[in-house]
There are 2 protein chains.
Amino acid sequence: MFKLSSGFKSGLRILTLLAKTEPGQPVPISDMAPKLGLSDKYLEQLLMILRRAGLVRSIRGSNGGFLLAHSPAKITVRQILEALQGPIDLCECSREDCQECVRPEVWRAIETCFSGTLATLTLQHLISRDAFQILPHSIVLPDSPLWQEGGGI
Amino acid sequence: MFKLSSGFKSGLRILTLLAKTEPGQPVPISDMAPKLGLSDKYLEQLLMILRRAGLVRSIRGSNGGFLLAHSPAKITVRQILEALQGPIDLCECSREDCQECVRPEVWRAIETCFSGTLATLTLQHLISRDAFQILPHSIVLPDSPLWQEGGGI
DNA sequence: GCTTTTCCTATCGATTTTTTCGGATACTAT
DNA sequence: ATAGTATCCGAAAAAATCGATAGGAAAAGC
């Protein structure tokens, strides 16, 4: 299956929950876990990953908990994906002449496309009810009016 | 890690090989395996998957082998990916009211974006040396000049 | 009927992902 | 101070996925 990990999806829900709470008000794990339907320990581990990635910060001790490290508009879906699912690396090969795959430059183009979309999509987009569009895109041949100089494969 | 499976990459190379042979001329496994650097048995398994997906057809018995089921321009990279790596399902839920994910319509849009690119990219693009571009895309807000009526989320 | 070659299914090993566990450390409030 | 709260850390069990191998059945051609 070509799918997003459940860790990533949980991460989104965690950050969404934090984004909806009073800014500056830390939320403890014991508070979040039941709301998210996750065990305390598992949630804790996901939060640690998000913290090391710099997306949330934590306050220890009594009345402690977790907060967003930045405003929702500054946290991109790409950052969340890379934190919890690892780097987006459709074609692992770095060599231009890789025998393993056909035309690796194609994967790199698609990769840029995909992670570009995720980089423009922020937590703010997800929590607000504001409308937005994600423009479709397509393969463009040199004779198209959309062709851009120097961008071809 | 968010990456393409090696099965998919092998599948691309298999189909590329078939696309370059005389049309109507079946190629046996014993012929392909050494060229692709795969074991006969593993290659066989991949070809079975491609056959069940309707991308290649087979001829049994002596002088048998495999052929493309359609012309290279009719076989999309998306079909190959879905055959060998399973359905592209960034957000598993199909329900509109899914509690698991945040704004499922967003994933569906991204998914359409991603698999849309792969659907326009054909085997013909990969085997030819013709240049092409894959246009980047982005989030568009209603106040943007790029906003298209009725396409918003 | 023998060879060639596809077809089917089961399994094993390795890796990755998800989840659980035990305890250490830091902070607050009383 | 000390008890309580809550984050931190590392290890590892459990489950799922993926890559690859193996044995044999069915079909077609000569």
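A quick note: this is a predicted structure, and the numbers were derived from the prediction, not measured. The chains referred to below are lettered A, B, ... by the order of the sequence lines, with proteins before strands, and numbering in each begins at 1.
- In this structure, CD of A/Q85 is placed 16 Å from C1' of C/dT15, rounded to the nearest angstrom.
- B/L38 has its side chain within reach of B/L46: a pair of non-hydrogen atoms, C-beta onward, lies under 4.5 Å apart.
- A straight line from CG of A/D89 to P of C/dT16 spans 13 Å, rounded to a whole angstrom.
- DNA chain D lies under 4.0 Å from no heavy atom of any residue of residues 26-34 of chain B.
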Yes or no on side chain to side chain contact (heavy atoms under 4.5 Å, CB included) for B/L17 and B/F66, after CA distance, side-chain angles and deciding distance?
CA-CA 11 Å; B/L17 192 157; B/F66 292 85; over 6 Å; no

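- In the set C/dC7, C/dT17, D/dG19, D/dG19 carries the atom at the smallest distance from any side-chain atom of B/S5.
- In this structure, the side chains of A/L68 and A/K74 stay at 4.5 Å or more apart for every pair of heavy atoms.
- Following chains of ILVMFWY side-chain contacts shorter than 4.5 Å, one cannot reach B/L12 starting from B/L67, and the two form parts of different hydrophobic clusters.
- Note: B/K3 NZ to B/F8 CZ = 13.5 Å, rounded to the nearest 0.5 Å.
- Between A/S39 and A/G61, the one whose closest nucleotide on DNA chain C sits nearer the 5' end is A/S39.
- Going from atom CG of A/L84 over to atom P of C/dT18 covers 9 Å, rounded to whole Å.
- Within the structure, a side-chain polar atom (N or O) of B/S58 is placed less than 4.0 Å from OP1 or OP2 of C/dC7.
- A straight line from CG of A/L36 to P of C/dT18 spans 16 Å, rounded to a whole angstrom.
- Inter-residue side-chain proximity for A/D89 and B/F2 is flagged as unmet; no heavy-atom pair is nearer than 4.5 Å.
- Listed by residue number, the members of residues 41-54 of chain A with any heavy atom below 4.0 angstrom from DNA chain C are A/K41, A/Y42, A/Q45.
- Within the structure, a side-chain polar atom (N or O) of A/N63 is placed less than 4.0 Å from OP1 or OP2 of C/dA29.
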Let's go through A/M48 and A/Q45 carefully: what are the C-alpha distance in whole Å and the side-chain angles of both, what is the deciding distance for side chain to side chain contact (heavy atoms under 4.5 Å, CB included) to 0.1 Å, and is it a yes or a no?
CA-CA 5 Å; A/M48 283 303 146; A/Q45 191 170 310; 5.5 Å; no

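- A/S6 has a side-chain polar atom (N or O) that falls below the 4.0 Å cut-off from OP1 or OP2 of C/dT18.
- The distance between atom NZ of A/K3 and atom C1' of D/dC18, rounded to the nearest whole Å, is 13 Å.
- A salt bridge (charged side-chain N to carboxylate O under 4.0 Å, His left out) check over residues 79-88 of chain B, counting only residues at least two apart or in different chains, returns the pairs B/R78-B/E82.
- With distances taken from any side-chain atom of A/R60 to the nucleotides D/dT7, D/dT21, C/dC7, the minimum falls on D/dT7.
- Per the geometry, CZ belonging to A/R57 stands 14 Å off P belonging to C/dC27, to the nearest Å.
- Ring pair B/F132/B/H125 is tilted by interplanar angle, where 30° to 60° counts as tilted.
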